[in-house]
Amino acid sequence: PSIVEIMFGDFMTLCVDQLIQQASKIPTMYGKEIDIPLIIRTPMGGRRGYGPTHSQNIEKLFLFWPNIDVLAINCLTDTNLIYENAINNRKTTIIIEDKVSYTQKTLDKPPSGYTVNTSNEIFPTYNLSPEFADHNAIIIAYGAMLNEVIDVLPALFEEEIFPQVISPTRLSPLNINIFKGISFKDK
């Protein structure tokens with residue numbers, strides 16, 4: 001497969017026509033399945049001092065196009081496995097990595113008081129559940145925002161907020177089954 005890096009996610013707008021008109025349509029346009037094993041890796045996000053032109057998240061522009069997967073790496077992701085699975089998937093895949101995450105390591109243990117369950121998907125969803133109480137809130141976060149949520153958990157505990165945290169790796173197409181079984185107990 002071809003692996004391309006677009007230095008800043010902001011420049012992905014220059015790829016939109018090729019992605020919509022070619023990469024998303026060719027796999028099913030000719031009456032037979034055609035693989036387009038293309039991986040586009042691009043950093044997005046702010047908090048690195050790049051100013052207004054290189055500090056935005058525009059991945060929403062790429063969601064829900066046919067035949068294109070959009071992934072977001074988070075602090076629980078085994079990045080090597082994600083790239084290996086994207087290569088083996090043999091389709092166009094856009095992989096979003098937050099710029100701040102470049103300087104951070106993958107978490108090697110769950111946050112204190114939480115268990116982490118991982119879905120059985122090639123691009124997994126992470127479900128963090130409090131061990132000490134029933135959850136009384138749900139937070140859905142992807143990419144680098146998962147680390148932000150984990151950092152704020154102790155402050156939430158002080159306010160007696162015990163969230164269940166759901167973080168999908170694959171943003172598009174989104175597996176809506178990851179939201180099944182989420183419920184609150186009547187109080």
Tell me whether the count of non-hydrogen atoms from other residues, nucleotides or ligands lying under 6.0 Å of [atom1] in [X] goes above 12.
X: I176; atom1: CD1; result: no
X: E131; atom1: CD; result: yes
X: E160; atom1: CD; result: no

Subject >> Sequence-distant partners of F157, ring pair (Phe, Tyr, Trp, His ring centres under 6.0 Å), two or more places apart >> reply: Y114, F132
**OP:** Have a look at Y83 and tell me which of N80, L81, T79 forms a side chain to side chain contact (heavy atoms under 4.5 Å, CB included) with it.
**Re:** T79
Heavy-atom pair with the smallest gap, counting every atom of [X] and [Y]:
X: N67; Y: K91; result: O-CE, 3.6 Å
X: P124; Y: S119; result: CA-OG, 3.5 Å
X: P168; Y: A141; result: CD-O, 3.9 Å

Original post:
Between N85 and I122, is there a donor-acceptor pair closer than 3.5 Å when you use the side chain of the first and the backbone of the second?
Top reply: yes
Original post:
So, S172 side chain and L63 main chain: donor-acceptor pair closer than 3.5 Å or not?
Top reply: no
**OP:** Examine I95 and Y126 and state if one hydrophobic cluster contains both, with Ile, Leu, Val, Met, Phe, Trp and Tyr joined whenever side-chain heavy atoms are less than 4.5 Å apart.
**Re:** no
**OP:** Taking the side chain as every heavy atom from C-beta outward, state whether N136 and I161 have any atom pair closer than 4.5 Å.
**Re:** yes
